[in-house]
K.L.:
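If you scroll down you'll find the structure; I have some questions about it.
These values consider heavy atoms only, across backbone and side chains, with no hydrogens, waters or symmetry-generated copies. For reference, positions follow the sequence shown, starting with 1.
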Amino acid sequence: MRKKIWWLTAAALLLIGVALLVLNREQPADTRYTGAYRFDDGTLVVVGPRDTADLRFKLMNGETGALWPTDEHGNFEGGTGWAERAPVTNRVQFQRNSAGDVTALTWQRVGDDKSPSGDAIRLPLRQQIVTFPSGELTLRGKLILPEGQGPFPVMITVHGSEDYSAVDHYSDPYIYAANGIAAFVYDKRGTGGSEGSYTQNFHVLSDDTVAAVQYVRKRPEIDGDKVHLAGYSQGGWIAPLAAQKDGHIRSIFVGYGVAVPVLGEDRWGYVYALQQRGFGEKEIAEVDGVAAILADIFDRGENRWSELSRALKESRSKPWFETAKHSDSIFGAIVGAEMPLWVVRPYLWWKYGRNDPPFIDRLYDPAQTLAQLDVPSLWVFAGKDSSAPTQWSVDALSKLQADNKPIEYFIYPDAEHGITRFRQKDDGARVTLGFEDGYYRQQVEWFRKQSGLL
């Protein structure tokens with residue numbers, strides 16, 4: 001009877017998962033306005049989709065904002081900040097030629113005479129949507145070429161953990177193409193226009209990155225000896241692994257990535273939450289004990305469910321329990337779900353345990369890969385990152401530096417994950433304001449220097 005209930009539960013969860021998949025199916029973004037635009041004074045702004053209809057703009061000084069359509073004729077408006085619509089401080093009208101192609105924009109700043117405004121011409125960057133093979137799968141990519149004659153050095157963007165189309169949504173590659181570096185971005189497997197199933201397995205995803213490198217290297221517009229990788233967030237695990245497999249990568253840039261195993265990042269989720277609430281090493285050690293049981297179950301396939309049940313029962317009376325329960329960690333995900341373990345167990349099997357290769361390898365140690373690499377890399381961290389353990393990553397990289405590995409790192413001391421500026425509210429919540437000034441210039445200068453252009 002118990003086994004029958006288990007299978008009925010698993011079947012119900014599967015049906016729920018399929019229904020959610022259909023309801024949350026990615027909607028195509030409006031990419032008509034995506035590109036790089038330059039004002040008369042030389043100021044560069046890139047525009048790309050924020051979601052299906054709204055836009056996001058980015059300036060080299062880190063200013064960013066959202067734009068909402070006000071009609072069907074290319075008019076948009078938005079406020080100051082990350083996602084504010086009112087009060088309106090930005091009005092943008094896109095211009096088209098007789099063929100209907102977007103060629104320029106007119107920007108009206110309301111109450112701000114210091115920021116760029118007026119007309120900006122859309123740069124004639126050549127772009128092409130392509131497909132390329134990765135094993136038995138076909139993946140979709142986009143190549144963006146600078147003005148002028150090639151062959152060009154190229155930066156290949158290695159995605160984060162998101163499950164949407166990078167080809168449609170990423171606008172940063174236009175920054176590099178506007179500065180003489182070709183850019184290539186692709187949809188990870190199972191997203192956008194790429195075949196396959198979505199995964200977070202670094203070994204699988206790095207194979208896809210190598211496939212992208214091999215495709216781009218053969219393009220006549222590209223200098224095959226100057227192929228760079230840029231990994232952001234989760235891409236910081238993937239890019240070095242791909243570089244090791246390829247063997248001919250010129251350099252690596254890692255933005256707000258992690259140089260310790262996923263287990264370390266997961267631990268940071270509850271460590272950060274506990275520290276914010278004033279808890280110390282004693283309480284962290286108690287959560288570590290429960291997390292170790294979870295790791296044995298989740299990562300090593302051990303049957304410690306009874307121990308986990310007892311540990312959670314004992315933990316519920318602890319003063320730290322509610323904080324850890326709401327933390328960004330596997331502890332928080334399982335305990336915060338408010339489901340009995342007999343339901344969690346088949347769900348974890350359905351979502352993770354049945355995958356071969358595993359959905360994610362949380363035991364993968366990037367330091368071992370970096371120890372075998374002699375590819376120059378620059379790691380940029382956020383000093384107040386709530387999602388990733390900056391200091392733990394810096395400690396790991398410092399050890400590799402001591403072994404003469406060509407690794408550099410830079411910390412924006414007041415930045416959040418994404419190298420973003422923020423305002424902290426009284427309740428501790430962070431309101432994103434924009435990106436750190438210098439972050440985009442730093443990337444461009446890195447790629448240009450490593451390409452011999454500086």
Side-chain angles (χ1 to χ4, degrees), residues 60 62 153 155-161 172 175-176 179 181 202 206 209 227-244 249-269 271-272 275 364-422 434-454:
M60 291 294 286
M155 181 278 290
I156 298 177
T157 299
V158 183
H159 43 71
S161 60
D172 286 5
I175 293 177
Y176 315 120
N179 284 277
I181 306 291
F202 307 144
S206 59
T209 303
V227 178
H228 310 271
L229 298 179
Y232 301 94
S233 193
Q234 188 182 93
W237 280 301
I238 300 167
L241 189 56
Q244 180 189 40
I249 296 299
R250 187 68 170 256
S251 79
I252 304 170
F253 176 90
V254 177
Y256 46 97
V258 181
V260 297
V262 180
L263 277 174
E265 185 202 32
D266 185 74
R267 180 173 184 262
W268 173 249
V271 168
Y272 173 81
Q275 289 177 342
Y364 167 70
D365 187 354
Q368 296 178 1
T369 298
L370 293 168
Q372 301 175 51
L373 271 181
D374 289 314
V375 177
S377 63
L378 172 62
W379 296 64
V380 176
F381 294 107
K384 295 183 178 179
D385 199 322
S386 62
S387 299
T390 290
Q391 189 58 52
W392 301 349
S393 292
V394 168
D395 292 343
L397 295 179
S398 297
K399 292 179 182 178
L400 292 162
Q401 283 182 327
D403 290 333
N404 297 315
K405 291 300 175 182
I407 294 172
E408 302 176 36
Y409 64 83
F410 182 89
I411 302 173
Y412 287 90
D414 297 319
E416 171 60 290
H417 196 70
I419 316 300
T420 56
R421 297 177 289 108
F422 65 90
F435 298 96
E436 287 282 5
D437 189 3
Y439 174 54
Y440 286 121
R441 290 190 295 272
Q442 185 178 38
Q443 295 178 64
V444 169
E445 290 174 4
W446 169 261
F447 292 127
R448 289 181 63 83
K449 177 183 178 181
Q450 295 301 321
S451 299
L453 300 179
L454 289 182

K.L.:
Please answer whether the main-chain N or O of Gln450 pairs with a side-chain N or O of Ser251 as donor and acceptor at a distance below 3.5 Å.
P.N.:
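Pair absent, no side-chain N/O of Ser251 close to backbone of Gln450.
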K.L.:
Might you work through the side chain to side chain contact (heavy atoms under 4.5 Å, CB included) test for Val444 and Ile175, ending with a clear yes or no?
P.N.:
CA-CA 8 Å; Val444 169; Ile175 293 177; 4.0 Å; yes
K.L.:
Output yes when a side-chain donor or acceptor of Arg250 lies under 3.5 Å from a complementary backbone atom of Ser451, and no otherwise.
P.N.:
no
K.L.:
Ala259 and Ala396: which non-hydrogen atoms are nearest, and at how many Å?
P.N.:
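In this case the closest contact between Ala259 and Ala396 is O-CB, 3.7 Å.
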K.L.:
Should Pro376 and Ile252 count as side-chain neighbours, where that means a heavy-atom distance under 4.5 Å?
P.N.:
no
K.L.:
Compare all side-chain heavy atoms of Thr209 with those of Leu229 and state whether any distance is below 4.5 angstrom.
P.N.:
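Contact flag for Thr209/Leu229 side chains = yes.
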K.L.:
Can you list the residues that meet the salt bridge (Lys or Arg N to Asp or Glu O under 4.0 Å) rule with Asp403, with sequence neighbours excluded?
P.N.:
none
K.L.:
Considering residues at least two apart in sequence or located in another chain, which fulfil the side chain to side chain donor-acceptor pair (under 3.5 Å) criterion with Asp172?
P.N.:
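Expected list: Lys58, Tyr440.
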K.L.:
What closest approach, in Å, do Ala415 and Ala382 show between heavy atoms, and which atom pair accounts for it?
P.N.:
O-CB, 3.2 Å
K.L.:
Under the rule for side chain to side chain donor-acceptor pair (under 3.5 Å), what residues qualify as partners of Gln244, not counting sequence neighbours?
P.N.:
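With neighbours one apart ignored, the set is Gln372.
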K.L.:
Which pairs pass salt bridge (Lys or Arg N to Asp or Glu O under 4.0 Å) with one or both residues in residues 379-401, sequence neighbours excluded?
P.N.:
Lys384-Asp414
K.L.:
With sequence neighbours excluded, what pairs up with Glu416 under the salt bridge (Lys or Arg N to Asp or Glu O under 4.0 Å) test?
P.N.:
Arg430
K.L.:
Going from CG on Leu400 to CG on Leu370, what distance comes out if it is rounded to the nearest 0.5 angstrom?
P.N.:
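So the CG of Leu400 and the CG of Leu370 are separated by 5.5 Å.
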K.L.:
Would you call Pro240 and Pro366 a side-chain contact if the rule is heavy atoms closer than 4.5 Å?
P.N.:
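Result no, sub-4.5 Å side-chain heavy-atom pair not found.
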K.L.:
For the backbone of Asn179 and the side chain of Arg448, can you confirm whether one donor and one acceptor N or O come within less than 3.5 Å of each other?
P.N.:
yes
K.L.:
Taking the side chain as every heavy atom from C-beta outward, state whether Ile411 and Val394 have any pair of such atoms under 4.5 Å apart.
P.N.:
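SC-SC contact between Ile411 and Val394 confirmed.
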K.L.:
Listed by chain and number, what are the ring pair (Phe, Tyr, Trp, His ring centres under 6.0 Å) partners of Phe202, not counting sequence neighbours?
P.N.:
Trp237, Tyr364
K.L.:
Quick one: sort the Tyr176 and Phe447 rings into parallel, tilted or perpendicular, breaks at 30° and 60°.
P.N.:
perpendicular
K.L.:
Given the rule in the side chain to side chain contact (heavy atoms under 4.5 Å, CB included) test, do Tyr412 and Arg421 qualify, once you have shown the distances and angles that lead to the verdict?
P.N.:
CA-CA 10 Å; Tyr412 287 90; Arg421 297 177 289 108; over 6 Å; no
K.L.:
For Asp374, enumerate each residue passing the side chain to side chain donor-acceptor pair (under 3.5 Å) test, keeping only those at least two apart in sequence or located in another chain.
P.N.:
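Scan of Asp374 (side chain to side chain donor-acceptor pair (under 3.5 Å), adjacent residues dropped) gives Lys405.
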K.L.:
In the structure I gave you, are the side-chain heavy atoms of Ile238 and Gln234 within less than 4.5 Å of one another anywhere?
P.N.:
yes
K.L.:
Considering non-hydrogen atoms only, spot the tightest contact between Pro153 and Leu453 and give its length.
P.N.:
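Taking every non-hydrogen atom into account, CG-CD1, 4.0 Å.
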K.L.:
Would you say the side chain of Tyr439 lies within less than 4.5 Å of the side chain of Phe410, judging by non-hydrogen atoms?
P.N.:
no
K.L.:
Applying salt bridge (Lys or Arg N to Asp or Glu O under 4.0 Å) as the test, list every pair that has at least one member in residues 231-244; sequence neighbours left out.
P.N.:
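Every pair satisfying salt bridge (Lys or Arg N to Asp or Glu O under 4.0 Å) with a residue in residues 231-244: there are none.
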K.L.:
Holding to side chain to side chain donor-acceptor pair (under 3.5 Å), I want the full list of residues that pass it with Ser393, two or more places apart in sequence or in another chain.
P.N.:
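Ser393 satisfies side chain to side chain donor-acceptor pair (under 3.5 Å) with no other residue.
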K.L.:
At what distance, to the nearest 0.5 angstrom, does OH of Tyr409 lie from OG of Ser398?
P.N.:
3.5 Å
K.L.:
I need the full list of salt bridge (Lys or Arg N to Asp or Glu O under 4.0 Å) pairs touching residues 256-266, with sequence neighbours left out, sorted by first then second residue.
P.N.:
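Listed by first then second residue: Asp266-Arg362.
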K.L.:
Going by ring pair (Phe, Tyr, Trp, His ring centres under 6.0 Å), name the pairs with one or both residues in residues 374-403, residues two or more places apart or in two chains.
P.N.:
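Applying ring pair (Phe, Tyr, Trp, His ring centres under 6.0 Å) to every pair that reaches into residues 374-403, excluding sequence neighbours, yields Trp268-Trp392.
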K.L.:
Run the salt bridge (Lys or Arg N to Asp or Glu O under 4.0 Å) test against Asp437 and tell me which residues pass, sequence neighbours left out.
P.N.:
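Salt bridge (Lys or Arg N to Asp or Glu O under 4.0 Å) list for Asp437, sorted by chain: Arg441.
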K.L.:
Is the backbone N or O of Ile419 less than 3.5 Å from a side-chain atom of Glu436, with the two atoms forming a donor-acceptor pair by type?
P.N.:
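No, the answer is negative, given that no donor and acceptor are paired below the 3.5 Å cut-off.
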K.L.:
Starting at CD of Gln443, measure out to NE2 of His228 and round the result to the nearest 0.5 Å.
P.N.:
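These two atoms lie 13.0 Å from each other.
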K.L.:
Can you find a heavy atom in the side chain of Ser233 that is under 4.5 Å from one in the side chain of His417?
P.N.:
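The answer is yes, as the side chains (C-beta and beyond) meet within the 4.5 Å cut-off.
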